[in-house]
Structure formats: C-alpha cells, structure tokens
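Taking it in order: structure first as structure tokens, then the write-up.
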Amino acid sequence: MAKKNIKQLNLRLLLNAEPFGYGPTAAIAAFFPYLRKHFAHIGYIGKGHTLDLQRDLKYDVVHDIFNLPPKKEQEVMRSVVSGYDIFFTALDFSMAGIAKTSGLRVYIYDPLTWYWKKIPTIVQRSDLYVAQDFFGVKSRLRKDAEKFPKSHYVVPSIIPHTKPQRSAKLILINLGGLHNPLWSQKTAITFARIIIQTFRKSLPEKESIIIATSDSVAKEFKDPSVKSFPFKAIQRILSHTKLAFMTSGLGNIYDSARYGIPTVWLPPANDSQGQQATLLKRYNMSDGSIDWNDILPNVKINYKGHQPYILKKITDAIDVVARNRSAQDNLVD
C-alpha cells in the first residue's frame with residue numbers, strides 16, 4: 001500500500017472546467033480537497049469565470065488562458081499538458097482531446113449525460129468517465145453503452161453534506177450559470193441587473209439578502225451584498241438560507257435539495273437550464289419557477305432546440321425585459 005501511495009504522489013494532475021455556466025467549475029472545486037492529499041503536484045488550467053472558485057484553493061500552479069486566440073490557446077494547452085500525467089476535466093471535451101492526443105490519461109466528470117444529443121467522441125476514448133446522476137442518466141448509459149469507456153461510474157451530486165441551521169434567515173439570489181461562450185459579457189450583466197434590481201424592489205427591506213454571482217458581474221454593481229463567494233463560503237450561506245431564487249443549473253438544483261431550501265428557479269440562462277427546470281416540474285420537484293414566457297407572453301422557447309438559436313432567443317428576451325417596465329412587473333408578479 002505504501003508503494004502505491006508513493007507512486008501516486010509522483011503523478012502530476014491537471015484539473016480543468018468548461019467555461020459554460022458555473023456547475024463544471026464548482027464540481028472541480030468540490031473535488032479538489034479530496035484530490036490534494038493524493039498528489040504532490042496539482043495544477044489548474046482554465047479561463048474566465050472558471051477561475052473564480054479555483055483561486056482560493058491550494059494549487060501548485062494555475063494556468064490562466066483567458067483572452068488567448070483559439071490557435072494560441074491550443075499551443076499553450078499542449079505546452080502545459082506536456083508536464084502532467086493525468087488530465088481531469090469537467091466537460092471541456094476539446095481540451096480533453098488535446099490531452100489525450102498528448103499522451104495523458106484523461107478523466108471526465110459529466111453532469112449532463114442525460115442531456116447530450118450526441119455523445120462526444122472523446123468520452124469513449126477517455127480512461128475514466130464519471131457521470132453525475134440525474135433523470136435518464138442510467139438508461140442513457142445502458143442505451144449507448146458502446147459510446148462510453150468500460151471504466152465509467154454513476155455518482156450522486158458532488159456536494160458536501162451540511163445540515164441546515166435552525167437559525168436560517170437569509171434570502172439567497174444565486175446567479176451562477178450566466179456565462180457561456182455564446183453570450184457576451186454585456187448580456188450576462190444585463191440579466192443580472194434585471195434580476196437584482198427587480199428583486200431588490202420586491203423583497204422586504206428588513207430581509208437579509210445575499211446575491212452570489214461571478215467576479216466579473218459583481219464588479220458592475222456597487223453593492224457589498226453582490227459578490228463572488230469561495231466554494232466553502234457559499235456552502236455556509238446555503239446552510240443559513242430560508243428562501244432562494246436561483247438559476248436552474250444542476251449544481252444549484254442539488255444544493256437546494258441537499259439543504260432543503262424552498263427555491264424559485266429563475267428564467268433559464270441557457271438550454272440545459274430550461275430543460276432541467278422542465279424536468280423538475282414534470283416530476284413534481286419544483287417549488288416554483290419563472291420562464292421567459294411568464295414575463296413575455298409572446299415569447300415561447302423550445303429548450304430542446306438548436307443551442308445557438310435558443311441562446312439568441314434568450315438574449316433577445318433579456319433585451320426586451322431590460323427596456324420594458326411592464327415585463328419587469330411580470331417578473332415580480
């Protein structure tokens with residue numbers, strides 16, 4: 001056993017998360033404490049908001065590839081991975097392909113096994129595939145068994161267990177999941193501004209309200225309660241939360257369930273959020289939700305359609321709501 005541990009400590013691990021939403025980077029942040037004790041060297045490579053939850057963790061090195069052109073990004077990625085043995089990513093299939101081609105062992109964590117119209121080819125080529133359980137995950141693994149590696153596992157939600165506090169008194173507005181490569185920063189900020197301003201007006205002033213979002217969005221607001229929180233801090237906040245308004249990413253869904261928080265799901269910021277909110281309602285697991293159609297009656301979005309088209313429809317809806325007081329009143333109602 002001692003020899004095995006020594007051998008494992010000599011391996012170099014590179015972690016990564018896809019820059020789409022907050023779920024992938026939150027999962028990697030949750031994994032990190034358990035991996036830290038098994039590897040002498042752990043690095044992280046990523047960009048944008050994926051770094052928000054990683055900066056406070058004890059990595060040996062963080063490789064920031066933000067704002068690099070695609071060709072340069074791939075060159076840097078190939079250079080970085082040459083110094084590692086294992087690449088472990090949450091959903092960044094493109095980087096996983098580069099790591100595999102470079103000779104690394106590739107481990108993939110996937111919270112969206114149920115969602116993919118087509119399973120990415122790198123999944124079958126990976127050395128380890130970890131699927132987070134959700135509606136339809138196990139049946140998908142059986143149905144498309146040849147598209148997954150032999151070493152695959154289904155795991156429950158990647159969330160530390162903490163019992164809710166009896167003194168729960170906070171109202172949490174969690175805007176994780178606004179960022180993706182098909183949206184501009186302006187759109188994410190506009191979405192956040194609509195939600196924050198509307199709920200500030202509608203919630204009683206006496207309430208203790210905390211608003212969680214990314215660093216880049218938080219900087220746009222001169223409000224000390226609007227900020228990006230480290231992973232452990234948001235877990236403490238959740239344990240003291242009596243009511244939440246959150247984007248319907250899987251991380252938020254499982255946080256809500258684990259801490260037993262009555263939650264209203266905010267208008268979807270992407271197609272998977274829309275599908276997840278729909279599934280929760282279908283299985284009677286939703287306390288409440290707001291769709292774009294509830295705010296703008298003439299807007300109907302099929303969240304199972306083509307992703308770029310759906311995100312364009314959501315962007316258009318955000319622009320309308322930002323200029324339309326009546327639509328903002330519908331959001332309050």
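All figures in this text were calculated on a predicted structure; none of them were measured in a lab.
Applying the side chain to side chain contact (heavy atoms under 4.5 Å, CB included) test to Ala257 and every residue at least two apart in sequence or in another chain returns nothing. For the side chain to side chain contact (heavy atoms under 4.5 Å, CB included) test, residues two or more places apart in sequence or in another chain that qualify with Ser202 are Phe199, Val332. For Tyr44, the ring-ring contact (aromatic ring centres under 6.0 Å, His included) criterion is met by Tyr59, not counting sequence neighbours. Not counting sequence neighbours, the partners of Ser228 by the side chain to side chain contact (heavy atoms under 4.5 Å, CB included) test are Tyr22, Asp52, Asp215. Scored by the side-chain hydrogen bond (donor to acceptor under 3.5 Å, both in side chains) test, Asp64 finds no partners at all (sequence neighbours excluded). The salt bridge (charged side-chain N to carboxylate O under 4.0 Å, His left out) search around Asp319 returns none, not counting sequence neighbours. Every residue meeting the salt bridge (charged side-chain N to carboxylate O under 4.0 Å, His left out) condition with Asp60, not counting sequence neighbours, appears here in chain and number order: Arg36. Here Asp110 pairs with nothing under the salt bridge (charged side-chain N to carboxylate O under 4.0 Å, His left out) rule; sequence neighbours left out. In this structure, the salt bridge (charged side-chain N to carboxylate O under 4.0 Å, His left out) partners of Lys47, at least two apart in sequence or on a different chain, are Glu73.
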Quiz item: Given Asn252 and Asn174, is the side chain to side chain donor-acceptor pair (under 3.5 Å) satisfied, shown in steps?
Solution: CA-CA 8 Å; Asn252 285 345; Asn174 191 329; 3.3 Å; yes
Practice problem: Take His41 and Tyr84, measure what side chain to side chain contact (heavy atoms under 4.5 Å, CB included) needs, and give me the verdict at the end. | Solution: CA-CA 9 Å; His41 183 97; Tyr84 290 87; 3.2 Å; yes
Self-check item: Verdict with reasoning, Phe134 to Gln276, per side chain to side chain contact (heavy atoms under 4.5 Å, CB included)
Solution: CA-CA 10 Å; Phe134 195 60; Gln276 284 156 184; 4.1 Å; yes
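Residues in residues 93-103 take part in these salt bridge (charged side-chain N to carboxylate O under 4.0 Å, His left out) pairs, two or more places apart or across chains: Lys100-Asp127. Among pairs with a residue in residues 142-156, those fulfilling side-chain hydrogen bond (donor to acceptor under 3.5 Å, both in side chains) read Arg140-Asp144, at least two apart in sequence or across chains.
If you chain together ILVMFWY residues whose side-chain heavy atoms come under 4.5 Å of each other, Phe66 ends up in a group of its own.
Salt-bridge formation is detected for the pair Arg200/Asp223: a Lys NZ or Arg NE/NH1/NH2 atom is positioned less than 4.0 Å from an Asp or Glu carboxylate oxygen.
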